[in-house]
Amino acid sequence: MSLHASAAPLFAELRASAAHPSVVDWLHRTAVEGTDFDGFKMNAFHVAEDVGVSRLEATRALLFATRLGVTDLTWDVHCPMCLAVPQFHRHLMELPERAHCELCTVRWDVSIEDQLEATFTLNANVRDIDGRQFTEAVWP
């Protein structure tokens with residue numbers, strides 16, 4: 001998969017930042033060689049495990065990447081029953097007090113500690129990813 005021309009300076013700036021170099025390398029490899037699924041809703045804790053760095057270093061690097069426009073940050077609200085993500089928000093201030101899952105037909109008070117996950121997706125200036133292919137339910 002080829003990156004957009006605008007990606008090179010973004011990665012150069014990310015490499016010059018305080019982001020952990022191993023995470024930057026991993027992110028670049030994911031952008032160039034990974035599938036769309038690999039670059040969609042990346043979890044910092046999983047990145048830390050893959051790369052062999054602390055969760056703090058991985059999160060910090062992905063936040064630097066977001067600040068520079070390499071990734072986009074979303075706040076995913078997980079259903080407490082089925083663990084699906086019926087809602088996500090680009091800004092933490094958009095987070096509602098209550099959420100609803102269409103699959104489980106359940107409403108609940110959102111717990112930041114128990115149901116909220118920060119995820120990172122490659123920004124469209126780096127690579128085009130159509131996330132709709134991963135969010136539509138497929139039933140047998």
Side-chain angles (χ1 to χ4, degrees):
M1 177 64 61
S2 64
L3 299 181
H4 293 297
S6 59
L10 296 175
F11 275 104
E13 192 172 354
L14 184 58
R15 286 187 196 290
S17 76
H20 195 287
S22 296
V23 178
V24 176
D25 291 343
W26 181 92
L27 189 57
H28 187 263
R29 248 187 340 272
T30 299
V32 172
E33 300 169 6
T35 65
D36 282 354
F37 186 76
D38 296 331
F40 181 71
K41 293 202 175 279
M42 297 173 282
N43 176 294
F45 292 2
H46 295 156
V47 172
E49 188 175 313
D50 286 350
V51 174
V53 300
S54 72
R55 289 176 170 185
L56 177 61
E57 286 292 344
T59 302
R60 186 172 179 221
L62 289 168
L63 288 172
F64 272 112
T66 298
R67 177 126 175 127
L68 295 173
V70 174
T71 59
D72 295 322
L73 168 66
T74 55
W75 299 94
D76 297 353
V77 178
H78 289 268
C79 171
M81 301 291 287
C82 69
L83 302 180
V85 180
Q87 296 180 12
F88 68 91
H89 303 277
R90 296 202 30 98
H91 303 285
L92 193 54
M93 296 304 294
E94 295 174 352
L95 188 67
E97 291 182 22
R98 294 188 53 76
H100 175 75
C101 178
E102 292 289 330
L103 294 172
C104 299
T105 63
V106 64
R107 288 188 62 79
W108 71 94
D109 292 332
V110 175
S111 165
I112 289 177
E113 293 177 3
D114 297 329
Q115 289 122 14
L116 194 64
E117 176 186 16
T119 60
F120 302 85
T121 298
L122 291 172
N123 183 283
N125 289 324
V126 171
R127 177 174 161 179
D128 292 319
I129 294 178
D130 182 7
R132 293 176 296 179
Q133 64 183 315
F134 307 121
T135 59
E136 296 175 353
V138 179
W139 301 98

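Worth saying up front: this structure is predicted, and the values here are computed from it rather than measured. As a basis for the values below, the full set of heavy atoms in this structure was taken, side chains included, without hydrogen atoms, waters or symmetry mates.
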Do [X] and [Y] have side-chain heavy atoms sitting under 4.5 Å apart?
X: Val70; Y: His28; answer: no
X: Thr59; Y: Phe45; answer: yes
X: Phe40; Y: Thr35; answer: no
X: Val106; Y: Cys79; answer: yes

Might you point out which heavy atoms bring [X] and [Y] nearest each other, and give the distance in Å?
X: Leu14; Y: Ala65; answer: CD1-N, 3.7 Å
X: Ala124; Y: His4; answer: O-CD2, 3.0 Å
X: Ala61; Y: Val23; answer: CB-CG1, 3.4 Å
X: Arg127; Y: Asp36; answer: NH2-OD1, 2.9 Å

First locate atom [atom1] of [X], then atom [atom2] of [Y], and finally report the distance between them rounded to the nearest 0.5 Å.
X: Glu57; Y: Ser22; atom1: CD; atom2: OG; value: 9.5 Å
X: Asp50; Y: Arg29; atom1: CG; atom2: CZ; value: 9.5 Å
X: His46; Y: Lys41; atom1: NE2; atom2: NZ; value: 14.0 Å
X: His20; Y: Phe64; atom1: NE2; atom2: CZ; value: 12.5 Å
X: Glu94; Y: Arg90; atom1: CD; atom2: CZ; value: 8.5 Å

Which of these passes side chain to side chain contact (heavy atoms under 4.5 Å, CB included) with [X]: [options]?
X: Leu62; options: Asn43, Val24, Val47; answer: Val47
X: Thr66; options: Thr121, Asp72, Asn123, Leu73; answer: Leu73
X: Phe11; options: Leu3, Leu68, Asp25, Val32; answer: Leu3

Verify same cluster id: Val77, Met81 (apolar side-chain graph, 4.5 Å): yes
Under the side-chain contact (heavy atoms from CB on, under 4.5 Å) criterion, do Leu27 and Leu122 qualify, and how do the steps go? CA-CA 9 Å; Leu27 189 57; Leu122 291 172; 4.0 Å; yes
[atom1] of [X]: more than 12 outside heavy atoms within 6.0 angstrom?
X: His100; atom1: NE2; result: yes
X: Glu13; atom1: CD; result: no
X: Arg15; atom1: CZ; result: yes

Looking at Asn125, is its backbone amide N or carbonyl O close enough to the side chain of Ser6 to form a donor-acceptor pair, meaning the two atoms are under 3.5 Å apart? yes
Is the backbone N or O of Asp76 less than 3.5 Å from a side-chain atom of Thr74, with the two atoms forming a donor-acceptor pair by type? no
